[in-house]
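To keep things clear, I will list the structure first and then write my remarks on it.
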Amino acid sequence: MIRFEQVSKVYPGGQKALTDVSFHLKQGEMAFLTGHSGAGKSTLLKLMTVIERPSAGKVWINGHNIADISRNQVPYLRRHIGMIFQNHHLLMDKSVFDNVALPLVIEGFSLGEIRKRVDGALDMVGLYGKDKHSPVMLSGGEQQRVGIARAIVNKPPLLLADEPTGNLDPKLSMDILRLFETFNDAGTSVLIATHDLGLIARMKYRTLTLKQGRMLGANELEPAGPGY
Amino acid sequence: MSQPQLNRSKLPFTGRIVMFFIRHIQQAMASMGELWRNPVSSIMTMAVLGVSLSLPAALQVLVKNAESITRSWESAAQISLFIDEGRSEQAIQSLITRIKVFPEVADVSYVSRDQALEEFQTLSGFGDALSYLDRNPLPAVVMVTPTNRYSSPEGARELLQKLQQQPEVSFGRLDIEWLERLQAVVSLLERTVSAVAALLILAVVLIIGNTIRLAIMNRRTEIEVMKLVGATEGFIQRPFLYTGIWYGVIGGVLAWIIINLLVWYLDGALAELLGLYGSQMSMQALSFNELLQLVGVASFLGWLGSYISVRQHLRAIEPQ
């Protein structure tokens with residue numbers, strides 16, 4: 001689902017963000033990405049969402065080499081990825097419904113279809129019936145779940161979460177992770193970037209650790225084969 | 001390694017076409033609603049656009065009316081042929097018959113020497129002085145009105161050349177200098193109008209471009225989010241383009257209203273002025289067709305201004 005082959009990223013100005021990073025997140029796999037701030041987590045996520053492009057090496061997302069994807073095609077690739085942010089990036093002047101519906105509106109679904117899917121997504125994150133609320137009226141945990149509903153509403157094969165529990169207390173954080181597990185059970189690949197090591201320790205999933213732009217642990221890349 | 005093609009949409013083809021139009025209408029209406037919700041700033045912008053557009057349109061009205069006035073004067077161009085003294089009345093009549101069949105000639109009238117004298121006596125106020133002369137000093141005159149095609153300065157001059165070759169004609173006179181001057185003035189006016197119009201049109205494009213730039217800056221976060229969830233640039237820029245078009249449409253209608261008020265205000269004064277010159281004309285405002293043209297041009301300018309702005313500023317916004 002995500003495959004990095006000897007990826008390096010040097011920003012203009014010479015700042016090295018990633019050096020020779022290789023890993024493979026398989027289809028249907030759930031994993032954590034961790035490391036101190038400045039270790040390169042954000043850069044890694046930016047490469048996955050084609051906000052940045054690698055200086056060297058290859059990045060494959062859902063079977064697409066991002067080097068082959070033109071600027072105009074980037075939006076279509078991003079529709080394969082549900083993204084969740086620490087500060088959830090909600091539009092505060094729009095209703096919960098409008099926020100969650102955004103990816104569907106962009107893809108051009110009819111209003112009836114949009115309503116059905118938005119209701120389904122809100123139901124999954126436990127916010128059914130709050131579609132008319134403004135995000136401002138919701139608690140931090142609820143806002144985060146609106147962000148998750150928006151990420152899953154068009155059923156992407158891959159979920160990327162950047163510090164999804166950063167502002168939440170342990171119990172709420174656990175709820176959010178359980179939510180990700182249900183999506184993973186349904187076949188969605190999930191990658192969660194977090195520095196909450198306590199949280200990771202309680203879960204059984206693989207952990208990718210970045211330190212000063214390098215991926216720690218054995219180079220676990222198998223030869224390229226079908227299935228990613 | 002083969003890659004699956006990035007599919008553009010999950011919808012079937014016909015559904016995509018239908019949704020394309022529905023989405024356009026939705027976004028056009030949403031842009032209108034956006035303007036409605038921020039009335040203060042959008043009314044200011046529209047007023048500025050209305051005033052900017054009304055100036056070139058007013059100049060256009062001016063040129064249009066000036067042209068119609070000169071046209072009515074042009075058709076009154078006449079050639080006076082002074083006949084050699086000593087030609088008999090019969091010779092003159094045969095000359096008139098000959099001239100009448102010229103294809104360039106619309107009408108011929110004749111003022112005999114006696115008639116000319118009579119006219120001069122009544123009009124000039126020198127009637128008493130004339131009675132001291134022992135014979136009539138005035139020549140007979142044949143007045144020739146050219147057809148429309150030959151009433152322009154060049155055409156009339158050509159006809160004059162031809163008429164002067166008639167043996168009975170001592171010389172012909174075409175009082176055309178004032179007409180040429182008038183034409184020069186009108187063409188100068190037209191050029192001025194084009195130059196001023198070009199500048200004001202540029203101003204309209206810049207005003208709309210700047211307004212849209214501010215709108216883009218205000219919605220920066222929203223644009224970032226839309227880019228992150230997979231919105232194409234076309235999708236993101238469309239509401240801004242529609243906003244520009246709406247600005248143009250409403251600015252154009254405002255300009256039309258301003259022009260009509262202006263014409264209504266000036267018409268009385270102009271009628272009085274023209275009345276002094278013995279002319280019965282009233283000013284023409286913009287017709288319905290011209291309203292449509294004005295609004296069409298204005299909405300194109302609105303689209304252009306916002307397109308330039310969107311091209312520049314939307315690309316610069318990338319999610320962080």
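Reckoned from all heavy atoms, side chains included, excluding hydrogens, waters and symmetry mates. Reminder, nothing fancy here: chain letters follow the sequence lines and each chain counts from 1.
Shown here is A/Glu113, whose CD atom has more than 12 heavy atoms of other residues, nucleotides or ligands within 6.0 Å. Residue B/His24 places its NE2 atom among more than 12 non-hydrogen atoms of other residues, nucleotides or ligands, all under 6.0 Å distant. Within 6.0 Å of CZ in B/Arg191 there are 12 or fewer heavy atoms belonging to other residues, nucleotides or ligands. For CE of B/Met44, the number of neighbouring non-hydrogen atoms (other residues, nucleotides, ligands) closer than 6.0 Å is 12 at most. Other residues, nucleotides and ligands place more than 12 heavy atoms under 6.0 Å from the NZ atom of A/Lys94. Residue-environment remark: OH (A/Tyr128) stays at or below the threshold of 12 foreign heavy atoms within 6.0 Å.
Contact of the B/Val229 side chain with the A/His89 side chain is not registered, since no non-hydrogen atoms from C-beta on lie closer than 4.5 Å. The shortest distance between side-chain heavy atoms of A/Leu102 and B/Val225 falls below 4.5 Å.
Looking at every heavy atom in both residues, B/Glu222 comes nearest to A/Leu91 through CA-CD2, 3.5 Å. Here the closest non-hydrogen pair linking A/Arg78 and B/Lys227 is NH1-O, 3.0 Å. Contact record, A/Ile106 with B/Gly230: CG2-O, 3.4 Å, taken as the closest heavy-atom pair. Annotation for A/Met83 and B/Leu228: closest pair CE-O, 3.2 Å, computed over non-hydrogen atoms.
For a residue to count as touching a neighbouring chain, one of its non-hydrogen atoms must lie under 4.5 Å from one of that chain's; by this rule A/Val105 touches chain B with backbone and side chain alike. With a 4.5 angstrom heavy-atom cutoff, B/Arg238 does not touch chain A via any of its atoms.
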